[in-house]
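First comes the structure, then the notes that go with it.
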Amino acid sequence: MSENLIPDGFTDTPQLPGTPWCVHDPRRPLPPVVAPAPADQPYAPPSDAEVLFDGRDLSGWTGRDGKAAWKLGDGFMEVVPKTGDIWTKRDLGDGHYHIEWSAPAVIEGRSQGRGNSGVFILRQYEVQVLDNYQNPTYADGTAGAIYGQFPPLVNACRAPGEWNTYDIYWFGPRFEGDRLVSPARITVVFNNIPVQICRELMGPTQYRKIASYRPHPPTGPLQLQDHNNPVRYRNIWYRPL
Ligand code: MG
């Protein structure tokens, strides 16, 4: 960018620590322009998002035997119990994950047996999906929990059959050789309510065990869980950060 396009700024100001820039530096690169979602469709993907599921096809997804065997409906996909988890063909990493889900309108089961699914970042770290509308379960297995580690700050679940939104801000763990340098950090916003804020995770999700880290790459697929309940998903997108 040519300097003379920038109308103002200062070069006689102090240098900002840790940067080559001075305060109000006109030479500092401008943030890229992104078109946000239209005001009347606040969850539509911003212009720079990678759409992972637009409600029309599962071509970006795979699963057991190389096939995503879930059912496509009118603008959504639905878990077909016993067909297994599905995951993106693409590897994803640090970033913003937007996911919408709805629990079956016909209530069946209780506690962990009702509307259970899950969003696994890097196929390893589960943000719990569960129909917790007037359906209590153990705290660290509640919808919006980091399963087995951190309950959500509040239970923001909508009624069965209604759509819920997750906006997940993920910064994965970093390793040097076998050593953990920094743990994964996650923020989860559930129906516009923050339920996990800059949470430092103990490790990949475990069932009935304490989590711990072992080195792994910074990217991997996004996985959705088949937990034997016909949970629906729609409008899934990702922005690297
Ligand atoms: Mg689950």
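Ligands are counted one by one from 1 in listed order, and the atoms in each one are counted from 1 as well. For reference, positions follow the sequence shown, starting with 1.
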Rounded to 10°, the OD1/N116 to the Mg ion (ligand 1) to O/S117 angle comes out at 80°
Kindly check if the number of other-residue, nucleotide or ligand heavy atoms within 6.0 Å of CZ (R174) is above 12?
yes
Above 12 or not: heavy atoms from other molecules or residues under 6.0 Å from CZ of F171? yes
query: Under 3.5 Å, is there a donor-acceptor pair between the N229 and N116 side chains?
result: no
- [ ] Would you check if the Mg ion (ligand 1) lies under 2.8 Å from any N, O or S atom of Y147?
- [x] no
Looking at E126, the N/O/S atom that lies nearest to the Mg ion (ligand 1) is called OE2
Looking only at heavy atoms, the pair that brings M202 and F150 closest together is CE-CZ, 3.9 Å
Note to self: Below 2.8 Å, can you find an N, O or S atom of Q128 next to the Mg ion (ligand 1)?
What the structure shows: yes
